[in-house]
Amino acid sequence: MSTQYGLPLFLEDATGIITRTEFSDLYDRIHISIAPSSSSTARVAIRSSARSCADCIIDLPQRIDSKSASITFAGSQTIPIENYLKRVRGAPAYSPARKFIASDSQSYTWAQSPSASPDPCTSTWTCKNEVTGQVIADYSFNDATITGSKCAAILTVEEGWNCLLVELLATLTIVRHIAKNKL
């Protein structure tokens, strides 16, 4: 069991752009980039400062019935996105909310919070453990007039779930893409 300090990861999202951004922890514990991995903007790579190779490659869906959309984590097989990130039962058909089973065998759900903004790209997202209902991550856009920070958004990952950081970023990237493109 690792030592708990009671300090979540606070990752500043430099641009807020779904497929091209940098996430830096406020305390310089980790740095992660999301960028196109080829000439196609539909394929993105997630790389952390802890590794020299990509931690995850995502082929983003381009249409509602896209069968070519997939996700590959370092050292594992490629999984179709529709098998990894599933619609939430009981949610409206147009809802971008999705659930997934992480590497810790727990089920988590990303849901978009109601927003005053008509732009789905500036919505707040919350990830909860499906069994306990505990919020494990939160992504919200920054209001520089309040925080004084120039970052576009903040991803907060509660301390006990730091080991799921790449999975949380990958699934957040996909659900934000789904919301933006109304897939």
Side-chain angles (χ1 to χ4, degrees), residues 9 11 13 16-21 23 30 32-48 50-113 120-121 123-139 153 155-158 160-183:
L9 285 174
L11 297 158
D13 180 347
I17 298 170
I18 297 169
T19 58
R20 183 180 295 279
T21 194
F23 285 88
I30 193 163
I32 295 180
S33 66
I34 298 176
S37 70
S38 65
S39 58
S40 167
T41 57
R43 174 174 273 195
V44 295
I46 298 176
R47 290 181 170 83
S48 72
R51 295 173 56 99
S52 58
C53 61
D55 293 296
C56 179
I57 302 288
I58 305 167
D59 286 309
L60 293 166
Q62 297 305 300
R63 55 187 188 281
I64 291 174
D65 62 348
S66 182
K67 300 293 182 197
S68 63
S70 63
I71 187 164
T72 308
F73 291 100
S76 70
Q77 293 184 339
T78 299
I79 306 165
I81 286 180
E82 65 186 18
N83 293 350
Y84 179 68
L85 199 60
K86 299 180 185 258
R87 290 186 182 271
V88 175
R89 192 174 299 191
Y94 58 84
S95 171
R98 297 292 189 276
K99 67 179 182 175
F100 65 101
I101 296 176
S103 59
D104 66 354
S105 301
Q106 295 286 316
S107 184
Y108 300 95
T109 301
W110 276 109
Q112 193 174 23
S113 301
C121 293
S123 295
T124 295
W125 291 86
T126 304
C127 185
K128 292 182 179 179
N129 179 298
E130 276 207 340
V131 174
T132 65
Q134 182 177 7
V135 173
I136 65 156
D138 178 82
Y139 180 83
L155 172 64
T156 304
V157 178
E158 295 302 325
W161 287 270
N162 294 354
C163 60
L164 300 179
L165 180 57
V166 170
E167 291 171 86
L168 291 168
L169 272 172
T171 52
L172 176 63
T173 299
I174 298 165
V175 295
R176 289 183 64 221
H177 175 79
I178 288 169
K180 178 183 177 191
N181 294 289
K182 298 180 172 123
L183 299 178

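Computed over heavy atoms, backbone and side chain alike; hydrogens, waters and symmetry mates excluded.
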request  = For the pair L164 and D104, evaluate side-chain contact (heavy atoms from CB on, under 4.5 Å) and give the outcome as yes or no after the intermediate values.
outcome  = CA-CA 8 Å; L164 300 179; D104 66 354; 3.6 Å; yes
query = Does N83 reach the main-chain N or O of I79 with its side chain, forming a donor-acceptor pair under 3.5 Å?
reply = no
Contact summary for L60 and A69, nearest pair of heavy atoms = C-CB, 4.1 Å
request  = Mind listing the closest non-hydrogen atom pair of G133 and K128 along with its distance?
outcome  = O-CD, 3.7 Å
message = Side chains of D55 and S48 only: does a donor on one sit below 3.5 Å from an acceptor on the other?
response = yes
request  = Indicate the ring-plane relationship of W125 and W110, choosing parallel, tilted or perpendicular according to the 30° and 60° boundaries.
outcome  = perpendicular
task = Check I46, L169, I34, T171 against C56 for a side-chain contact (heavy atoms from CB on, under 4.5 Å) and give me the one that passes.
result = I46
remark   = Interatomic distance, OG1@T124 vs CG@D138, rounded to 0.5 Å, equals 6.5 Å
request  = State the CD-CD distance between Q106 and E130, to the nearest 0.5 angstrom.
outcome  = 10.0 Å
ask   = Do the non-hydrogen side-chain atoms of I57 and R43 ever get within less than 4.5 Å of each other?
value = yes
remark   = Looking only at heavy atoms, the pair that brings I101 and Y84 closest together is O-CE1, 3.7 Å
message = With a 4.5 Å cut-off on side-chain heavy atoms, are L183 and H177 touching?
response = yes
Closest approach of R176 to G16 (non-hydrogen atoms, all atoms of both residues) = NH2-O, 2.7 Å
query = Cut-off 3.5 Å, side chains only: do T72 and T78 have a donor facing an acceptor?
reply = yes
task = Please examine the side chains of I136 and V157, heavy atoms only from C-beta on, and report whether any two atoms are closer than 4.5 Å.
result = no
ask   = Tell me, do L11 and I30 make a side-chain contact under 4.5 Å, heavy atoms counted?
value = yes
side-chain contact (heavy atoms from CB on, under 4.5 Å) between L168 and C127, worked out = CA-CA 8 Å; L168 291 168; C127 185; 3.8 Å; yes
message = Let me confirm one number: the OG1-CG distance from T109 to N129, rounded to the nearest 0.5 Å.
response = 8.5 Å
query = So which of T126, D13, T156 actually passes side-chain hydrogen bond (donor to acceptor under 3.5 Å, both in side chains) with Y139?
reply = D13
ask   = Yes or no on side-chain contact (heavy atoms from CB on, under 4.5 Å) for L155 and L9, after CA distance, side-chain angles and deciding distance?
value = CA-CA 8 Å; L155 172 64; L9 285 174; over 6 Å; no
request  = Could you please spell out the steps behind the side-chain contact (heavy atoms from CB on, under 4.5 Å) verdict for K180 and I18?
outcome  = CA-CA 9 Å; K180 178 183 177 191; I18 297 169; 3.8 Å; yes
ask   = So which heavy atom on I81 is nearest to which on D59, and how close?
value = CD1-O, 3.5 Å
query = Within the distance-only criterion (no hydrogens, no angle test), does the side chain of E167 pair as donor or acceptor with the backbone N or O of S103 below 3.5 angstrom?
reply = yes
Non-hydrogen atoms of S95 and R87 that approach each other most closely = O-NH1, 3.9 Å
